[in-house]
Protein chains: 2
Amino acid sequence: MLSYTEENYLKALLQLTVEKGNKEGAGTNELAVHLNLKPATANDMLKKLKEKKLVEYEKYGKSSLTREGRRLATDVVRKHRLWETFLFEKLAFAWDEVHEVAEQLEHIQSKKLVDKLDEFLGFPGFDPHGDVIPNARGELQMRSTKTLHEEVVNHRCTMVAVKDNAASFLQYVNQVGLRINDTIHVLSRQPYDDLMEIEVNGKKSSISSRFAENIVVSCKDCDIAKPKIKSLNAIK
Amino acid sequence: MLSYTEENYLKALLQLTVEKGNKEGAGTNELAVHLNLKPATANDMLKKLKEKKLVEYEKYGKSSLTREGRRLATDVVRKHRLWETFLFEKLAFAWDEVHEVAEQLEHIQSKKLVDKLDEFLGFPGFDPHGDVIPNARGELQMRSTKTLHEEVVNHRCTMVAVKDNAASFLQYVNQVGLRINDTIHVLSRQPYDDLMEIEVNGKKSSISSRFAENIVVSCKDCDIAKPKIKSLNAIK
DNA sequence: AAATAATGTTAGGCAAATCTAACAAATATT
DNA sequence: AATATTTGTTAGATTTGCCTAACATTATTT
Ligand SMILES: [Mn+2]
Ligand SMILES: [Mn+2]
Ligand SMILES: [Mn+2]
Ligand SMILES: [Mn+2]
């Protein structure tokens, strides 16, 4: 059985590696900053989790999760996102309020509770921020990581998720009138500072590059331009 | 802010005093047994909670909650019972499974969550075991503490709650076919060992005194016999 | 009243998770 | 290459919540 604290370290490592596509692993300081702790503390825990065979750690190297560590971390993420969905869908929390409470709820230990909750919510695929909810087998599907910042002028794309879950950013997104699944029309982009003008539901807004980098989108217009079939291992 | 552990001590004291009508307070050993800890540990915590003005404690004396301690403890009980109701009503948990999970959920800190949950459940008055759910102001109403064991032969009474929340007892109650709000007809009682014969929903069962002592009932037949109005402070 | 049993307290210790301060290694800058 | 900066490690200390073992007090029997 993992402690509340150990679960948080595993989750942090998952976010710092797999989710960010950072294949080499996370550094001790990086981990400490992410968890709001001192590097010395993170260092102790990395050694402890290595002992438990949940983390691969070598002195002065980058750390990453073992298969077992990743499984456990994914389960914490699954619980986090199911609870966020519950709070949002059933208890009418705003999307900028769910994360904080889910940080606590994700540590409740009861297989049955998670499965029943999943069922009660109708086996949702995504949480209120558009993030994929891992399935009961602990598998986490990856999704488009393309951001609005990379979108082409004149294309119409769909907002699928937000990258930053901080309440301040989410409230700002609300203010702009953007919601998951909305269609965004990119009207223009200033070459100097990448300031974009967009239109959503008939409303025009100017958004900074920092803002645009935190909106994950998918775009049919782009997909048509690219070849549809990525024939990996086609030969052989 | 209270720790998980401190909350458990306050809740234990509430259960050992107010709920059991034990006005003088609870002893250190008693508290330790209730929490599955050693007396030395409970002793440390009593001193700590006295410092925080949540508990009244004197060396070699009985301990009890201060007004503030009682308020906080009642809030934990409120959360526990709301979560039990959620698990039972919304997630289809059996009544013998809810307690264990609620022991964890009761420590989640979010005023908004509790209020929203209460609303979502339709402001329930009782949990799946028939226990009163304290209101949002932290007030806990008292209810009948009369047990089936004290019931009169030939009377018909209503099962309002169970005293023992252990899964083994609750499953036994299921087996007898008893549920909250069922009408119990007391058919007979053996003077030697108080073994009772009862009838519920057309089904007859023999129950031990130990069993009967853990079924809380209310009885119209008895209430009619007694005077209805208890004129406290009638004079003056 | 004395002996016994039950209950409660203290001292000292341990493990988990955190910190600070000093030091070491790796990386970046000049 | 030398220096400076960033990153990582170690040692030692602290807090919380728990324990055991010894001792003290209170309650119950005889
Ligand atoms: Mn979140
Ligand atoms: Mn989320
Ligand atoms: Mn319970
Ligand atoms: Mn209950």
Side-chain angles (χ1 to χ4, degrees), chain A residues 1-13 15-17 20 22-65 69 72-73 76 103-104 106-107 109, chain B residues 1-13 15-17 20 22-65 69 72-73 76 103-104 106-107 109:
Chain A
M1 190 101 309
L2 295 175
S3 72
Y4 183 107
T5 307
E6 289 168 329
E7 287 192 337
N8 280 335
Y9 277 93
L10 295 182
K11 191 176 60 141
L13 281 169
Q15 274 154 13
L16 257 27
T17 56
K20 291 198 176 168
N22 197 341
K23 227 192 147 191
E24 326 155 61
T28 305
N29 276 324
E30 196 184 351
L31 182 61
V33 167
H34 187 89
L35 289 168
N36 254 295
L37 297 167
K38 301 297 160 179
T41 310
N43 188 264
D44 285 347
M45 185 57 88
L46 284 171
K47 288 192 243 171
K48 187 176 154 197
L49 292 173
K50 182 191 175 157
E51 272 314 295
K52 293 199 173 188
K53 308 220 164 137
L54 301 175
V55 164
E56 272 157 37
Y57 161 81
E58 293 304 333
K59 240 184 175 184
Y60 296 106
K62 303 283 179 185
S63 303
S64 57
L65 295 166
L72 292 167
V76 176
E103 284 292 302
Q104 298 179 60
E106 72 189 6
H107 300 290
Q109 310 271 208
Chain B
M1 191 102 308
L2 295 175
S3 71
Y4 184 107
T5 308
E6 289 169 328
E7 287 192 338
N8 280 334
Y9 277 92
L10 294 182
K11 191 176 63 143
L13 281 168
Q15 273 153 13
L16 257 26
T17 56
K20 292 199 174 167
N22 196 344
K23 228 191 147 191
E24 327 155 60
T28 304
N29 277 322
E30 197 184 354
L31 181 61
V33 167
H34 188 88
L35 290 168
N36 256 295
L37 297 168
K38 300 297 158 179
T41 309
N43 189 265
D44 286 347
M45 186 57 89
L46 285 171
K47 288 193 247 173
K48 187 178 155 196
L49 292 172
K50 182 192 175 155
E51 272 315 295
K52 292 199 175 189
K53 308 224 165 133
L54 300 175
V55 164
E56 271 156 38
Y57 160 81
E58 292 304 331
K59 244 186 175 182
Y60 297 108
K62 303 285 181 184
S63 303
S64 57
L65 295 165
L72 292 166
V76 177
E103 284 292 303
Q104 297 179 61
E106 73 189 5
H107 301 289
Q109 312 271 210

Next on the checklist: Over all strands shown, is B:Thr5 touching base, sugar-phosphate only, or nothing at heavy-atom distances under 4.0 angstrom?
Outcome noted: sugar-phosphate
Checklist entry - Separation of B:Leu31 atom CG from C:dT9 atom P, in whole Å? => result 11 Å
Next on the checklist: Considering every strand and a 4.0 Å limit on heavy-atom distances, what is the contact class for B:Ala42: base, sugar-phosphate, or nothing?
Outcome noted: nothing
Next on the checklist: Using the side-chain contact (heavy atoms from CB on, under 4.5 Å) definition, which of the options B:Leu72, B:Val76, B:Thr5 pairs with B:Leu10?
Outcome noted: B:Leu72
Checklist entry - In whole angstrom, what separates B:Lys47's NZ from C:dT10's P? => result 4 Å
Next on the checklist: Walk me through whether A:Thr41 and A:Leu35 qualify under side chain to side chain contact (heavy atoms under 4.5 Å, CB included).
Outcome noted: CA-CA 10 Å; A:Thr41 310; A:Leu35 289 168; over 6 Å; no
Next on the checklist: Please tell me if B:Tyr60 has a side-chain N or O lying less than 4.0 Å from either OP1 or OP2 of D:dC23.
Outcome noted: no
Checklist outcome for this item: Between B:Gly25 and B:Thr17 the two heavy atoms that sit nearest each other are CA-CG2, 3.6 Å
Checklist entry - Reckon B:Lys59 has a side-chain N or O less than 4.0 Å from the OP1 or OP2 of C:dT10? => result yes
Checklist entry - Looking only at side-chain N and O atoms, does A:Ser3 come under 4.0 Å of OP1 or OP2 in C:dA16? => result no
Checklist outcome for this item: From CD of A:Glu30 across to C1' of C:dA26 the rounded distance in Å is 16 Å
Checklist entry - Can you check the B:Asn43 CG to D:dC23 P distance for me, whole Å? => result 18 Å
Checklist entry - In whole angstrom, what separates A:Leu2's CG from C:dA17's P? => result 10 Å
Item to check | Euclidean distance, atom NZ of residue B:Lys38 to atom P of D:dC23 [Å, nearest integer] | outcome: 20 Å
Checklist entry - Using a cut-off of less than 4.0 Å, is there contact between a side-chain N or O of B:Tyr57 and OP1 or OP2 of C:dT9? => result yes
Checklist entry - Tell me: CG of B:Leu49 to P of D:dC18, nearest whole Å? => result 11 Å
Next on the checklist: Apply side chain to side chain contact (heavy atoms under 4.5 Å, CB included) to residues A:Glu7 and A:Glu106 and explain how you reach the verdict.
Outcome noted: CA-CA 9 Å; A:Glu7 287 192 337; A:Glu106 72 189 6; 5.6 Å; no
Item to check | B:Glu58 CD to C:dT7 C1', straight-line distance once rounded to whole Å | outcome: 17 Å
Checklist entry - What nucleic acid atoms does B:Thr41 come within less than 4.0 Å of, heavy atoms only: base, sugar-phosphate, or nothing? => result base
Item to check | Residue met sooner reading DNA chain C from 5', once A:Leu37 and B:Thr28 are mapped to nucleotides | outcome: B:Thr28
Checklist entry - Heavy atoms under 4.0 Å, any strand shown: does B:Tyr4 hit a base, just sugar-phosphate, or nothing? => result nothing
Item to check | Over 12 foreign heavy atoms within 6.0 Å of NZ, A:Lys52 | outcome: yes
